[in-house]
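Computation of the quantities below employed the complete heavy-atom set of this structure, encompassing side-chain atoms and omitting hydrogens, waters and symmetry-equivalent molecules.
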Amino acid sequence: MQTGMWWRHLVAGAIAGGVSRTCTAPLDRIKVFLQVSASVRGGEYSSIGSCLRHMLKEGGVVSLWRGNGVNVLKIAPETAIKFAAYEQLKSLIRGDLERELQIYERFLAGSIAGVIAQSSIYPLEVLKTRLALRKTGQYKGAWDAVRKIYRTEGLRSFYKGYLPNLLGIIPYSGIDLAIYETLKKSYTARHPEVKEPGPVVLLGCGTASSSCGQIASYPLALIRTRLQAQASDHTQEAGTMIGLFKTIVKREGVAGLYRGITPNFMKVAPAVSISYVVYEYSRSKLGVKAS
């Protein structure tokens with residue numbers, strides 16, 4: 001706090017999150033459509049192409065970024081808090097000793113950082129899902145959506161899906177940050193002449209780490225999204241996390257737990273690489289040294 005490094009981590013994380021999400025917003029909206037299509041929309045949108053055609057027909061090219069404003073508003077503090085908490089937790093685990101952290105220690109720091117970040121912005125996560133699924137004219141804007149959702153469903157609706165989100169973010173954030181930094185440290189150890197890895201190396205590290213995290217946590221992310229979307233369409237069955245899990249497996253099989261993962265993987269490489277590259281360079285420009 002005294003050195004001023006904390007706010008620089010926050011700024012670098014915020015810039016990284018905002019830029020990456022805006023660049024990949026269309027794929028993110030398609031993913032949300034596919035995740036809930038079997039229940040909210042009667043399964044009528046079963047492929048990336050059908051979702052894309054519907055969105056273009058229903059709202060034009062601009063609709064591909066529907067909900068992105070809230071997504072940026074959400075992801076900027078979320079990413080900033082995650083990176084800042086991760087750096088602080090690493091320092092706490094390391095203590096006064098100058099040593100390299102083990103991968104399990106990075107996993108622990110990453111998991112806790114992810115929980116802190118997600119908990120702080122979760123109502124915006126719900127709002128983003130509702131806005132991504134909305135029809136043209138349903139809401140005048142984000143604030144209008146907040147008022148209508150609160151008036152008809154109450155405050156608890158902004159925390160729908162919080163439990164599976166919490167359970168999912170622990171393996172995702174822990175694996176993502178731990179593998180990313182381990183790969184980066186491994187590269188610099190093998191190439192001592194390189195002070196900082198280039199964009200291509202960062203892209204590879206970020207894509208590999210995020211893909212591993214996505215595979216481990218995706219079923220919980222899908223259940224979270226369906227719970228978030230429940231009240232936006234009254235034809236969808238209400239349910240608990242476990243009940244919804246059983247229903248999906250019964251009706252769609254195990255593969256149903258991974259519905260929408262294709263566009264999710266399609267956006268992993270650009271989203272994660274942009275996020276980490278922008279973060280690394282923003283951090284460097286702000287005078288923050290890697291720890």
Side-chain angles (χ1 to χ4, degrees), residues 4-32 52 55 61-87 110 113-114 116-118 120-125 127-129 131-132 141-142 169 172-173 175-177 179-181 183-184 196-214 217 221 225 260 263-291:
M5 290 297 105
W6 65 276
W7 69 264
R8 290 172 183 162
H9 283 299
L10 289 175
V11 172
I15 294 171
V19 172
S20 68
R21 292 295 174 163
T22 299
C23 291
T24 59
L27 286 170
D28 191 62
R29 190 172 182 227
I30 290 173
K31 178 199 72 175
V32 173
L52 184 60
M55 288 189 288
V61 176
V62 178
S63 70
L64 297 179
W65 277 266
R66 187 168 287 173
N68 185 57
V70 171
N71 200 21
V72 171
L73 184 66
K74 170 190 77 74
I75 202 65
E78 178 190 1
T79 308
I81 292 168
K82 182 178 76 171
F83 279 125
Y86 182 58
E87 298 293 343
I116 293 171
Q118 278 284 298
S120 65
I121 53 83
Y122 192 75
L124 290 174
E125 184 76 42
L127 182 61
K128 183 213 77 170
T129 299
L131 289 173
I169 200 63
Y172 172 74
S173 189
I175 292 170
D176 182 23
L177 288 169
I179 291 180
Y180 169 75
E181 190 159 350
L183 290 173
K184 194 178 77 166
E196 283 292 328
V200 175
V201 174
L202 294 177
L203 187 152
C205 294
T207 301
S209 64
S210 185
S211 296
C212 292
Q214 293 279 0
S217 64
T225 303
N264 205 50
F265 275 140
M266 288 171 65
K267 79 182 183 74
V268 163
V272 175
S273 59
I274 291 169
S275 179
Y276 278 116
V277 170
V278 172
Y279 174 70
E280 294 287 350
Y281 280 92
S282 297
R283 189 174 69 168
S284 177
K285 293 295 183 182
L286 289 167
V288 181
K289 295 181 179 179
S291 58

With rounding to the nearest 0.5 Å, note down the distance linking [atom1] in [X] to [atom2] in [Y].
X      : Y      : atom1 : atom2 : answer
Leu127 : Asn71  : CG    : CG    : 10.5 Å
Leu27  : Asn264 : CG    : CG    : 9.0 Å
Ile116 : Ile81  : CD1   : CD1   : 9.0 Å
Arg66  : Asp28  : CZ    : CG    : 14.5 Å
Leu177 : Ser209 : CG    : OG    : 7.5 Å

Practice task
Run the salt-bridge test on Glu181 and Lys184 with the 4.0 Å N-O cut-off and return the result as yes or no.
Solution key: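 No salt bridge links Glu181 with Lys184.
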
Practice task
Answer yes or no: is there a donor N or O on one side and an acceptor on the other, between the side chain of Thr22 and the main chain of Val19, under 3.5 Å?
Solution key: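 No, Thr22 side chain to Val19 backbone: no donor-acceptor pair under 3.5 Å.
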
Is [Y] close to [X] at the side-chain level, that is, under 4.5 Å between some pair of heavy atoms?
X      : Y      : value
Ile30  : Met55  : yes
Lys82  : Ile169 : no
Leu52  : Leu64  : yes
Arg29  : Ser63  : yes
Tyr279 : Arg283 : yes

Where [X] and [Y] come nearest, the two heavy atoms and their spacing:
X      : Y      : answer
Glu78  : Ala117 : O-CB, 3.4 Å
Tyr281 : Gly198 : OH-CA, 4.5 Å
Gly141 : Leu131 : O-CD2, 4.5 Å
Ile175 : Gly213 : CG2-N, 3.7 Å
Val32  : Ala132 : CG1-CB, 4.5 Å
Ile15  : Ser282 : CG2-OG, 4.0 Å

